[in-house]
There are 2 protein chains.
Amino acid sequence: MIDHEVQFKKFLQKQGLKLTRNRARILEAAFSVHEHFDAEKLYDLIKADNVSLATVYRTLPLLLEAGLITRTVRIGGRDRFEHILGHPRHAHWLCENCHAVIETDLSALLPAINKEARALKFDIQNISINISGLCWKCKGGANDSQ
Amino acid sequence: MIDHEVQFKKFLQKQGLKLTRNRARILEAAFSVHEHFDAEKLYDLIKADNVSLATVYRTLPLLLEAGLITRTVRIGGRDRFEHILGHPRHAHWLCENCHAVIETDLSALLPAINKEARALKFDIQNISINISGLCWKCKGGANDSQ
DNA sequence: TTTCATTTGAGAATCATTTGCAACAAAGAC
DNA sequence: GTCTTTGTTGCAAATGATTCTCAAATGAAA
Ligand SMILES: [Mn+2]
Ligand SMILES: [Mn+2]
Ligand SMILES: [Zn+2]
Ligand SMILES: [Zn+2]
(Lines give C-alpha, C1' and ligand atoms only; values in the text may rest on other atoms or scores of the structure.)
(Ligands and ions follow the chains in the order given, each with its own letter.)
Protein backbone atom coordinates (compact mmCIF):
# COMPACT_ATOMS: atom_id res chain seq x y z
CA MET A 1 0.00 0.00 0.00
CA ILE A 2 1.41 3.33 -1.05
CA ASP A 3 2.08 6.28 1.17
CA HIS A 4 -1.07 8.23 0.50
CA GLU A 5 -3.25 5.14 0.71
CA VAL A 6 -1.97 4.46 4.20
CA GLN A 7 -2.72 8.04 5.15
CA PHE A 8 -6.21 7.86 3.69
CA LYS A 9 -7.00 4.58 5.42
CA LYS A 10 -5.80 5.93 8.74
CA PHE A 11 -7.97 8.99 8.30
CA LEU A 12 -11.03 6.98 7.33
CA GLN A 13 -10.71 4.56 10.22
CA LYS A 14 -10.51 7.44 12.64
CA GLN A 15 -13.96 8.45 11.35
CA GLY A 16 -15.38 4.93 11.40
CA LEU A 17 -15.30 4.86 7.59
CA LYS A 18 -13.92 2.21 5.28
CA LEU A 19 -11.29 2.26 2.58
CA THR A 20 -13.41 0.69 -0.15
CA ARG A 21 -12.36 -0.32 -3.63
CA ASN A 22 -14.06 2.77 -5.06
CA ARG A 23 -12.40 5.17 -2.69
CA ALA A 24 -9.00 3.63 -3.32
CA ARG A 25 -9.64 3.95 -7.05
CA ILE A 26 -10.53 7.62 -6.74
CA LEU A 27 -7.49 8.30 -4.59
CA GLU A 28 -5.28 6.59 -7.14
CA ALA A 29 -6.77 8.65 -9.94
CA ALA A 30 -6.22 11.87 -7.99
CA PHE A 31 -2.55 11.00 -7.67
CA SER A 32 -2.17 9.87 -11.26
CA VAL A 33 -3.00 13.36 -12.54
CA HIS A 34 -0.20 15.86 -12.29
CA GLU A 35 -2.22 18.94 -13.06
CA HIS A 36 -5.32 20.49 -11.55
CA PHE A 37 -8.42 18.36 -11.89
CA ASP A 38 -12.14 18.62 -11.25
CA ALA A 39 -14.67 15.95 -10.30
CA GLU A 40 -15.50 15.20 -13.91
CA LYS A 41 -11.86 14.65 -14.77
CA LEU A 42 -11.46 11.97 -12.11
CA TYR A 43 -14.74 10.46 -13.21
CA ASP A 44 -13.50 10.18 -16.78
CA LEU A 45 -10.43 8.34 -15.54
CA ILE A 46 -12.35 5.68 -13.63
CA LYS A 47 -15.85 5.42 -14.98
CA ALA A 48 -14.77 2.27 -16.79
CA ASP A 49 -14.61 0.67 -13.35
CA ASN A 50 -18.26 1.50 -12.66
CA VAL A 51 -17.54 4.24 -10.18
CA SER A 52 -20.31 6.80 -10.27
CA LEU A 53 -19.88 10.54 -10.46
CA ALA A 54 -21.82 10.85 -7.20
CA THR A 55 -19.20 8.76 -5.44
CA VAL A 56 -16.46 10.96 -6.79
CA TYR A 57 -18.29 13.97 -5.40
CA ARG A 58 -18.76 12.19 -2.09
CA THR A 59 -15.08 11.25 -1.86
CA LEU A 60 -13.52 14.60 -2.68
CA PRO A 61 -14.42 16.16 0.70
CA LEU A 62 -12.86 13.15 2.40
CA LEU A 63 -9.62 13.61 0.50
CA LEU A 64 -9.68 17.27 1.44
CA GLU A 65 -10.21 16.59 5.13
CA ALA A 66 -7.55 13.91 5.05
CA GLY A 67 -5.13 16.53 3.79
CA LEU A 68 -4.40 14.60 0.62
CA ILE A 69 -5.68 17.12 -1.87
CA THR A 70 -6.31 20.83 -1.84
CA ARG A 71 -8.74 23.10 -3.60
CA THR A 72 -7.19 25.34 -6.26
CA VAL A 73 -8.38 27.95 -8.69
CA ARG A 74 -12.04 27.65 -9.67
CA ILE A 75 -12.54 27.79 -13.42
CA GLY A 76 -15.77 27.78 -15.40
CA GLY A 77 -17.91 27.30 -12.33
CA ARG A 78 -16.19 24.05 -11.41
CA ASP A 79 -14.23 23.34 -8.26
CA ARG A 80 -10.72 22.21 -9.04
CA PHE A 81 -8.21 20.34 -6.93
CA GLU A 82 -4.67 19.04 -6.91
CA HIS A 83 -2.96 16.39 -4.83
CA ILE A 84 -0.58 17.38 -2.10
CA LEU A 85 1.97 14.69 -1.22
CA GLY A 86 5.20 15.38 -3.03
CA HIS A 87 3.87 18.73 -4.19
CA PRO A 88 5.40 21.66 -2.37
CA ARG A 89 2.87 24.39 -1.64
CA HIS A 90 2.72 27.04 -4.32
CA ALA A 91 0.85 30.16 -5.34
CA HIS A 92 -1.41 30.28 -8.39
CA TRP A 93 -1.37 33.12 -10.87
CA LEU A 94 -4.51 32.99 -13.01
CA CYS A 95 -4.82 34.91 -16.25
CA GLU A 96 -8.36 36.29 -16.55
CA ASN A 97 -8.04 36.38 -20.31
CA CYS A 98 -6.55 33.06 -21.42
CA HIS A 99 -7.08 31.15 -18.16
CA ALA A 100 -3.44 30.15 -18.02
CA VAL A 101 -2.36 29.10 -14.54
CA ILE A 102 1.20 29.79 -13.45
CA GLU A 103 2.56 28.29 -10.25
CA THR A 104 5.26 29.81 -8.08
CA ASP A 105 7.11 28.73 -5.02
CA LEU A 106 5.68 29.77 -1.68
CA SER A 107 8.68 29.51 0.54
CA ALA A 108 9.32 33.24 0.64
CA LEU A 109 5.89 33.80 2.18
CA LEU A 110 5.60 30.88 4.58
CA PRO A 111 7.57 32.26 7.52
CA ALA A 112 5.39 35.36 7.70
CA ILE A 113 2.23 33.28 7.38
CA ASN A 114 3.23 30.82 10.06
CA LYS A 115 4.15 33.64 12.39
CA GLU A 116 0.70 35.14 11.95
CA ALA A 117 -0.92 31.74 12.55
CA ARG A 118 0.89 31.41 15.84
CA ALA A 119 -0.30 34.85 16.88
CA LEU A 120 -3.90 33.96 16.00
CA LYS A 121 -3.65 30.48 17.51
CA PHE A 122 -5.00 29.33 14.17
CA ASP A 123 -4.59 25.72 13.06
CA ILE A 124 -3.78 25.91 9.34
CA GLN A 125 -5.24 23.19 7.14
CA ASN A 126 -4.86 24.80 3.78
CA ILE A 127 -3.16 27.83 2.31
CA SER A 128 -4.58 29.21 -0.89
CA ILE A 129 -2.86 32.07 -2.62
CA ASN A 130 -4.44 33.06 -5.89
CA ILE A 131 -3.44 36.08 -7.84
CA SER A 132 -5.54 36.99 -10.83
CA GLY A 133 -4.78 39.41 -13.59
CA LEU A 134 -3.22 39.30 -17.02
CA CYS A 135 -0.29 37.12 -18.01
CA TRP A 136 2.48 38.64 -20.06
CA LYS A 137 0.96 37.29 -23.25
CA CYS A 138 -2.43 38.89 -22.68
CA LYS A 139 -1.13 42.08 -21.10
CA GLY A 140 -1.00 44.11 -24.29
CA GLY A 141 -4.17 43.86 -26.38
CA ALA A 142 -7.58 42.64 -25.25
CA ASN A 143 -7.46 39.26 -26.92
CA ASP A 144 -10.07 36.61 -26.48
CA SER A 145 -8.18 33.37 -26.73
CA GLN A 146 -9.34 30.20 -24.98
CA MET B 1 -20.68 62.44 -6.77
CA ILE B 2 -18.54 60.40 -4.44
CA ASP B 3 -15.13 59.04 -5.16
CA HIS B 4 -16.09 55.54 -6.17
CA GLU B 5 -19.00 56.77 -8.26
CA VAL B 6 -16.63 58.89 -10.29
CA GLN B 7 -14.37 55.92 -10.77
CA PHE B 8 -17.27 53.70 -11.81
CA LYS B 9 -18.63 56.24 -14.27
CA LYS B 10 -15.21 56.68 -15.83
CA PHE B 11 -14.86 52.95 -16.19
CA LEU B 12 -18.31 52.52 -17.72
CA GLN B 13 -17.85 55.31 -20.22
CA LYS B 14 -14.62 53.78 -21.38
CA GLN B 15 -16.68 50.69 -22.28
CA GLY B 16 -19.51 52.63 -23.88
CA LEU B 17 -21.76 51.81 -20.92
CA LYS B 18 -23.94 54.07 -18.84
CA LEU B 19 -24.03 54.87 -15.17
CA THR B 20 -27.73 54.23 -14.67
CA ARG B 21 -29.81 54.76 -11.55
CA ASN B 22 -29.76 51.01 -10.86
CA ARG B 23 -26.03 50.66 -11.22
CA ALA B 24 -25.44 53.64 -8.97
CA ARG B 25 -27.80 52.12 -6.42
CA ILE B 26 -25.94 48.80 -6.48
CA LEU B 27 -22.59 50.54 -6.14
CA GLU B 28 -23.90 52.52 -3.20
CA ALA B 29 -25.15 49.37 -1.53
CA ALA B 30 -21.81 47.65 -2.03
CA PHE B 31 -20.10 50.51 -0.23
CA SER B 32 -22.66 50.72 2.53
CA VAL B 33 -21.84 47.21 3.71
CA HIS B 34 -18.68 46.93 5.72
CA GLU B 35 -18.44 43.15 5.71
CA HIS B 36 -18.35 40.55 2.97
CA PHE B 37 -21.49 40.36 0.93
CA ASP B 38 -23.02 38.21 -1.79
CA ALA B 39 -25.42 39.07 -4.60
CA GLU B 40 -28.45 38.28 -2.47
CA LYS B 41 -27.26 40.58 0.30
CA LEU B 42 -27.06 43.56 -2.05
CA TYR B 43 -30.42 42.61 -3.49
CA ASP B 44 -31.99 42.64 -0.03
CA LEU B 45 -30.65 46.13 0.50
CA ILE B 46 -32.15 47.60 -2.65
CA LYS B 47 -35.05 45.46 -3.79
CA ALA B 48 -37.36 48.10 -2.36
CA ASP B 49 -36.20 50.30 -5.24
CA ASN B 50 -37.33 47.72 -7.80
CA VAL B 51 -33.85 46.61 -8.75
CA SER B 52 -33.91 43.00 -9.85
CA LEU B 53 -31.57 40.29 -8.69
CA ALA B 54 -30.56 39.75 -12.33
CA THR B 55 -29.31 43.31 -12.50
CA VAL B 56 -27.28 42.81 -9.35
CA TYR B 57 -25.69 39.76 -10.94
CA ARG B 58 -25.06 41.71 -14.11
CA THR B 59 -23.44 44.59 -12.26
CA LEU B 60 -21.08 42.66 -10.01
CA PRO B 61 -18.68 41.76 -12.84
CA LEU B 62 -18.59 45.41 -13.81
CA LEU B 63 -17.65 46.46 -10.29
CA LEU B 64 -14.97 43.79 -10.31
CA GLU B 65 -13.48 44.92 -13.61
CA ALA B 66 -13.64 48.50 -12.47
CA GLY B 67 -11.49 47.54 -9.50
CA LEU B 68 -14.11 48.69 -7.01
CA ILE B 69 -14.80 45.37 -5.37
CA THR B 70 -12.93 42.12 -5.02
CA ARG B 71 -13.97 38.52 -4.66
CA THR B 72 -13.37 37.00 -1.25
CA VAL B 73 -13.94 33.68 0.45
CA ARG B 74 -16.69 31.57 -1.12
CA ILE B 75 -19.10 30.25 1.48
CA GLY B 76 -22.04 27.93 1.05
CA GLY B 77 -21.68 27.83 -2.72
CA ARG B 78 -22.12 31.59 -3.00
CA ASP B 79 -19.58 34.04 -4.37
CA ARG B 80 -18.81 36.76 -1.87
CA PHE B 81 -17.27 40.17 -2.35
CA GLU B 82 -16.08 43.21 -0.48
CA HIS B 83 -15.48 46.76 -1.57
CA ILE B 84 -11.96 48.00 -2.02
CA LEU B 85 -11.63 51.80 -1.70
CA GLY B 86 -10.43 52.65 1.77
CA HIS B 87 -9.93 48.99 2.56
CA PRO B 88 -6.30 47.98 2.69
CA ARG B 89 -5.68 44.55 1.17
CA HIS B 90 -5.82 41.76 3.71
CA ALA B 91 -5.64 38.01 4.05
CA HIS B 92 -8.65 35.91 5.08
CA TRP B 93 -8.46 33.16 7.66
CA LEU B 94 -11.54 30.99 7.39
CA CYS B 95 -12.53 28.57 10.14
CA GLU B 96 -13.88 25.38 8.59
CA ASN B 97 -15.89 24.67 11.69
CA CYS B 98 -17.67 27.87 12.69
CA HIS B 99 -17.11 29.78 9.43
CA ALA B 100 -15.59 32.70 11.27
CA VAL B 101 -13.53 34.94 8.99
CA ILE B 102 -10.49 36.70 10.44
CA GLU B 103 -8.70 39.37 8.44
CA THR B 104 -5.03 40.23 8.71
CA ASP B 105 -2.81 42.82 7.19
CA LEU B 106 -1.03 41.91 3.99
CA SER B 107 1.82 44.36 4.01
CA ALA B 108 4.40 41.81 5.15
CA LEU B 109 3.73 39.74 2.05
CA LEU B 110 3.29 42.38 -0.62
CA PRO B 111 6.94 43.10 -1.41
CA ALA B 112 7.64 39.45 -2.16
CA ILE B 113 4.48 39.17 -4.27
CA ASN B 114 5.21 42.28 -6.29
CA LYS B 115 8.72 41.12 -6.91
CA GLU B 116 7.42 37.85 -8.29
CA ALA B 117 4.90 39.70 -10.46
CA ARG B 118 7.68 41.74 -11.99
CA ALA B 119 9.63 38.58 -12.75
CA LEU B 120 6.59 37.00 -14.41
CA LYS B 121 5.61 40.20 -16.20
CA PHE B 122 2.20 39.58 -14.69
CA ASP B 123 -0.31 42.40 -14.39
CA ILE B 124 -1.99 41.88 -11.00
CA GLN B 125 -5.68 42.68 -10.77
CA ASN B 126 -6.54 40.89 -7.58
CA ILE B 127 -4.69 39.18 -4.78
CA SER B 128 -6.59 36.56 -2.84
CA ILE B 129 -4.98 34.95 0.16
CA ASN B 130 -7.23 32.52 1.97
CA ILE B 131 -6.07 30.30 4.75
CA SER B 132 -8.49 27.72 6.01
CA GLY B 133 -8.32 25.64 9.13
CA LEU B 134 -9.56 25.89 12.69
CA CYS B 135 -9.79 29.08 14.70
CA TRP B 136 -8.60 29.05 18.29
CA LYS B 137 -12.15 28.51 19.52
CA CYS B 138 -12.74 25.42 17.42
CA LYS B 139 -9.23 24.02 17.69
CA GLY B 140 -9.87 21.84 20.73
CA GLY B 141 -13.05 19.76 20.46
CA ALA B 142 -14.99 18.93 17.29
CA ASN B 143 -17.87 21.32 17.89
CA ASP B 144 -20.60 21.97 15.38
CA SER B 145 -21.52 25.55 15.94
CA GLN B 146 -22.92 27.72 13.16
C1' DT C 1 -39.02 64.53 -30.19
C1' DT C 2 -36.84 61.17 -32.98
C1' DT C 3 -33.50 57.79 -33.07
C1' DC C 4 -30.74 54.05 -31.78
C1' DA C 5 -28.06 51.57 -28.58
C1' DT C 6 -28.05 50.05 -23.99
C1' DT C 7 -30.53 48.41 -19.90
C1' DT C 8 -33.84 46.02 -17.31
C1' DG C 9 -37.38 42.82 -15.05
C1' DA C 10 -39.40 38.48 -15.16
C1' DG C 11 -39.09 34.08 -15.64
C1' DA C 12 -37.03 30.16 -17.93
C1' DA C 13 -32.81 27.64 -18.56
C1' DT C 14 -28.19 25.93 -17.01
C1' DC C 15 -25.41 22.99 -14.84
C1' DA C 16 -22.28 21.76 -10.95
C1' DT C 17 -23.17 19.62 -6.79
C1' DT C 18 -26.13 17.23 -3.38
C1' DT C 19 -29.50 13.88 -1.76
C1' DG C 20 -32.98 10.06 -1.03
C1' DC C 21 -33.33 5.51 -1.27
C1' DA C 22 -33.09 0.67 -2.13
C1' DA C 23 -29.58 -2.73 -3.24
C1' DC C 24 -24.70 -3.82 -1.92
C1' DA C 25 -20.39 -4.78 0.29
C1' DA C 26 -17.05 -4.62 4.33
C1' DA C 27 -15.65 -6.37 8.71
C1' DG C 28 -16.15 -8.43 13.10
C1' DA C 29 -18.37 -12.06 15.90
C1' DC C 30 -19.55 -16.55 16.02
C1' DG D 1 -17.68 -20.28 6.39
C1' DT D 2 -22.44 -17.62 7.99
C1' DC D 3 -24.72 -13.94 10.40
C1' DT D 4 -25.35 -9.15 11.52
C1' DT D 5 -24.56 -4.67 11.64
C1' DT D 6 -23.26 -0.55 9.58
C1' DG D 7 -21.25 2.01 6.09
C1' DT D 8 -21.32 2.47 0.80
C1' DT D 9 -22.93 3.05 -3.82
C1' DG D 10 -25.53 3.82 -8.25
C1' DC D 11 -29.26 5.99 -10.04
C1' DA D 12 -32.32 9.46 -10.68
C1' DA D 13 -34.38 13.34 -8.87
C1' DA D 14 -33.71 17.66 -6.38
C1' DT D 15 -31.26 21.87 -5.37
C1' DG D 16 -29.75 26.35 -5.98
C1' DA D 17 -26.62 29.88 -7.55
C1' DT D 18 -25.86 32.09 -11.70
C1' DT D 19 -26.88 33.06 -16.57
C1' DC D 20 -29.74 33.86 -20.37
C1' DT D 21 -33.80 35.32 -23.42
C1' DC D 22 -36.66 38.69 -24.92
C1' DA D 23 -39.82 42.26 -25.10
C1' DA D 24 -40.56 46.64 -22.96
C1' DA D 25 -38.23 50.76 -20.92
C1' DT D 26 -34.71 54.22 -20.74
C1' DG D 27 -30.67 57.23 -21.73
C1' DA D 28 -28.01 60.22 -24.56
C1' DA D 29 -27.42 62.69 -28.53
C1' DA D 30 -29.01 65.26 -32.31
MN1 LIG E 1 -1.21 24.03 -8.47
MN1 LIG F 1 -12.22 40.89 3.87
ZN1 LIG G 1 -3.20 35.15 -20.52
ZN1 LIG H 1 -14.04 28.37 14.42
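No hydrogens, no waters, no symmetry mates; every other heavy atom, side chains included, goes into these values. These figures come from a predicted structure and were not determined experimentally.
In this model, the phosphate group of D:dG10 is approached by a side-chain N or O of A:Thr55 to a distance below 4.0 Å at OP1 or OP2.
Across all strands, B:Asp38 comes closer than 4.0 Å to no nucleic acid atom at all (heavy-atom distances).
Residue B:Gln15 contributes atom CD, which lies 19 Å from atom P of C:dA5 at whole-angstrom precision. For A:Lys18 and C:dC24, the NZ to P distance is 16 Å, given to the nearest whole Å. Between the CD atom of B:Gln13 and the P atom of D:dG27 there is a distance of 15 Å, rounded to whole Å. Atom OH of A:Tyr43 and atom C1' of C:dT17 are 15 Å apart (whole Å). Across the protein-nucleic acid pair, A:Leu17 atom CG and D:dT6 atom C1' stand 11 Å apart, rounded to whole Å. If you measure from atom CG of A:Asn50 to atom P of D:dT9, you get 13 Å, rounded to the nearest angstrom. Atom-to-atom, OH of B:Tyr57 to P of C:dA10 comes out at 16 Å; the value is rounded to the nearest Å. Distance CG (A:Asn22) to P (C:dA25): 10 Å, rounded to an integer number of Å.
No donor-acceptor contact under 3.5 angstrom links the side chains of A:His4 and A:His83, judged on distance only. No hydrogens or angles considered: nothing links the side chains of B:Asn22 and B:Thr20 as a donor-acceptor pair under 3.5 Å. Side-chain atoms of B:Glu82 and B:His90 form a donor-acceptor pair, as typed in the model, at a separation below 3.5 Å. Under 3.5 Å, the side chains of A:Ser128 and A:Asn126 contain no donor-acceptor pair of N or O atoms.
Out of C:dA16, D:dT18, D:dG10, the shortest distance to the side chain of A:Val51 is found at D:dG10.
Nearest-nucleotide assignment on DNA chain D puts the 5′-proximal partner with B:Ala39, out of B:Arg58 and B:Ala39. Residues B:Thr20 and B:Asp79 both approach DNA chain D. Their nearest nucleotides, taken by heavy-atom distance, put B:Asp79 toward the 5′ side.
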